[in-house]
K.L.:
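Quick one: structure below, then a few questions.
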Number of protein chains: 2
Amino acid sequence: MFSKTCEYAIRAILFIAQKSKQGVKVSIKDVAKGIDSPEFFLGKILQELSRKGIVKSLKGPTGGFYLDDESMQYSLADVVIAIDGDKIFNGCGLGLKQCSEKQPCPIHKEFKKIRSDIFKLLENSKLGEFNDLLDKRLAVLKR
Amino acid sequence: MFSKTCEYAIRAILFIAQKSKQGVKVSIKDVAKGIDSPEFFLGKILQELSRKGIVKSLKGPTGGFYLDDESMQYSLADVVIAIDGDKIFNGCGLGLKQCSEKQPCPIHKEFKKIRSDIFKLLENSKLGEFNDLLDKRLAVLKR
DNA sequence: TTAATAAAAGATATTTTTATCTTTTATTTT
DNA sequence: AAAATAAAAGATAAAAATATCTTTTATTAA
Ligand code: FES
Ligand code: FES
């Protein structure tokens, strides 16, 4: 579904969101441990998300990654688009160069519905809204 | 969503299904042209589908690939599983080692629904059922 | 103002996916 | 039987994704 990069990105940002709510910034190393991802690779991913303004960062001691109230309002769809692009939301399920109503692939109609469901799910999931779930350990970011 | 390999596989098998219904076997080259895929790469894919019994093949002049009535009953889900495995149907959307009800990832509930919708769509699509659509050019396999 | 910390940036390496080319085997037609 | 055809099999190559390591820059604390 998503690239590995994107999976790490989502888990990382939810981890950072949770910590930010508690008012603490986290280092790459902390996040990597928190979501069980390769540290240096994650560094690159967070760098990219930072460039795109989805996550905030500060260098130096007491520095790290965090989300401000504004960033908290981004959705998972924003993260996915930042990393994997919008292919999953607009692309043809059978790999035709572009999805088209006029010349649809055989599964166009059904696939369109699914794409749209995925988009809705992600678009309606704001980064901040999983904090409680995670705090209560009703959901996890690693295992 | 699917790997490129899998996209080619699905388009190829629907192409072969259509031709088979008309009673003709098709060569790799014909299929490659029919779905606009790299010929040699497609060869490998059909080889694999043939090994797994989803498509039939015969060597030599008048040979080629075809689907018999039995193969026509396979579903798109069978093709996807043969090529990409069942990760898309069972795997965790955020890349946790395995999906779990007990220790779900934050989007588990919604993602499970989507996975299931995808499975239903593919499982309910038998290879033979697109022939008419393709004959009438209400759907295409290349563009 | 120096040392320590942590992200940013850049370079390199590994693995997987995608693609291509060559040789062999099976089958058919002449 | 020989020539032609087409898939199977095997080898190799190119590109993309994933992962790691090193150097630089910004910031803080001592
Ligand atoms: S054309 Fe394939 S999904 Fe729209
Ligand atoms: S645990 Fe992630 S989808 Fe089930």
Side-chain angles (χ1 to χ4, degrees), chain A residues 1-13 15-16 19-20 24-67 80 82-85 87-88 94-95, chain B residues 1-13 15-16 19-20 24-67 80 82-85 87-88 94-95:
Chain A
M1 178 79 54
F2 308 123
S3 69
K4 222 149 198 359
T5 306
C6 191
E7 292 172 349
Y8 291 145
I10 295 175
R11 278 159 46 206
I13 211 141
F15 182 84
I16 295 170
K19 297 299 176 186
S20 286
V24 304
K25 295 196 274 299
V26 278
S27 69
I28 294 173
K29 189 173 283 191
D30 290 338
V31 181
K33 277 179 191 156
I35 70 171
D36 188 28
S37 75
E39 182 179 331
F40 290 106
F41 188 43
L42 179 65
K44 286 295 178 196
I45 299 171
L46 290 178
Q47 191 178 315
E48 179 67 14
L49 290 175
S50 172
R51 243 184 248 119
K52 302 210 166 159
I54 296 183
V55 75
K56 306 286 172 184
S57 74
L58 272 182
K59 291 182 179 181
T62 78
F65 293 90
Y66 65 99
L67 299 186
V80 169
I83 302 293
D84 280 352
K87 190 161 164 288
I88 194 169
L94 296 190
Chain B
M1 177 81 54
F2 308 124
S3 68
K4 220 145 199 358
T5 306
C6 192
E7 292 173 349
Y8 291 146
I10 294 175
R11 276 155 54 200
I13 212 142
F15 182 85
I16 296 170
K19 297 299 176 184
S20 285
V24 303
K25 293 196 276 294
V26 278
S27 68
I28 293 174
K29 188 172 286 192
D30 291 338
V31 180
K33 277 180 191 154
I35 70 171
D36 188 27
S37 74
E39 180 179 334
F40 289 106
F41 188 43
L42 180 66
K44 285 296 176 196
I45 299 171
L46 290 178
Q47 190 178 315
E48 179 66 15
L49 289 175
S50 171
R51 241 185 249 121
K52 302 208 168 159
I54 296 183
V55 74
K56 306 285 172 185
S57 74
L58 272 182
K59 289 182 180 182
T62 78
F65 293 90
Y66 65 99
L67 298 187
V80 169
I83 301 293
D84 281 352
K87 188 161 165 289
I88 195 171
L94 297 190

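All chains are named by letter (A, B, ...) in the order of the sequence lines, taking the proteins before the strands, and each is independently numbered beginning at 1.
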K.L.:
Strictly below 4.0 Å, heavy-atom distances to any atom of DNA chain D: list the hits from residues 53-65 of chain B, or just say none.
P.N.:
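Residues of residues 53-65 of chain B under 4.0 Å from DNA chain D: Ser57(B), Leu58(B), Lys59(B), Gly60(B), Pro61(B), Gly64(B), Phe65(B).
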K.L.:
List in numerical order all residues of residues 2-13 of chain B for which some heavy atom is under 4.0 Å away from an atom belonging to DNA chain C.
P.N.:
Ser3(B), Lys4(B), Thr5(B), Tyr8(B)
K.L.:
Expected output is a numbered-order residue list: members of residues 32-42 of chain A with a heavy atom under 4.0 Å from any atom of DNA chain D. What is it?
P.N.:
Pro38(A), Phe40(A), Phe41(A)
K.L.:
For Gly34(B) versus Phe15(B), what's the shortest heavy-atom pair and its separation?
P.N.:
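Result for this residue pair: CA-CE1, 3.5 Å.
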K.L.:
Closest approach of Asp36(B) and Arg11(B), non-hydrogen atoms and distance?
P.N.:
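Closest pair (atom of Asp36(B), atom of Arg11(B), distance): O-NH2, 3.7 Å.
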K.L.:
May I ask you to test the Met1(A)-Met1(B) pair for a side-chain heavy-atom distance under 4.5 Å?
P.N.:
yes
K.L.:
Provide the full list of side chain to side chain donor-acceptor pair (under 3.5 Å) pairs with a residue in residues 52-65 of chain B, sequence neighbours left out, each pair given once.
P.N.:
Glu48(B)-Lys52(B)
K.L.:
Please write out the pairs of protein N or O atoms and N or O atoms of nucleotides 12-15 of chain C separated by less than 3.5 Å, giving the distance to one decimal.
P.N.:
none

K.L.:
dT27(C) C1' sits how many Å from Lys25(B) NZ, rounded?
P.N.:
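To the nearest whole Å, that distance equals 11 Å.
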K.L.:
Contact class for Lys44(A) (heavy atom, under 4.0 Å): base, sugar-phosphate, or nothing?
P.N.:
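Answer is base: heavy atoms of Lys44(A) come under 4.0 Å of a base.
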K.L.:
Please name the pair of heavy atoms, one in Ile35(A) and one in Tyr8(A), separated by the smallest distance, quoted to 0.1 Å.
P.N.:
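Looking at all heavy atoms of both residues, the closest pair is CD1-O, 3.7 Å.
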K.L.:
Given side chains that start at C-beta, do those of Ile28(B) and Val31(B) come closer than 4.5 Å, heavy atoms only?
P.N.:
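A side-chain contact is absent here, since even the closest heavy-atom pair is not under 4.5 Å.
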K.L.:
Using the heavy-atom set of chain A and a strict 4.0 Å cut-off, write down the first and last nucleotide of DNA chain D that makes it in, 5' to 3'.
P.N.:
dT18(D) to dA29(D)
K.L.:
Whole-Å distance between dA19(C) P and Ile28(B) CD1?
P.N.:
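That distance rounds to 15 Å.
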K.L.:
Taking CD from Glu48(B) and P from dA19(C), how many angstroms apart are they, rounded to a whole number?
P.N.:
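These atoms are roughly 16 Å apart.
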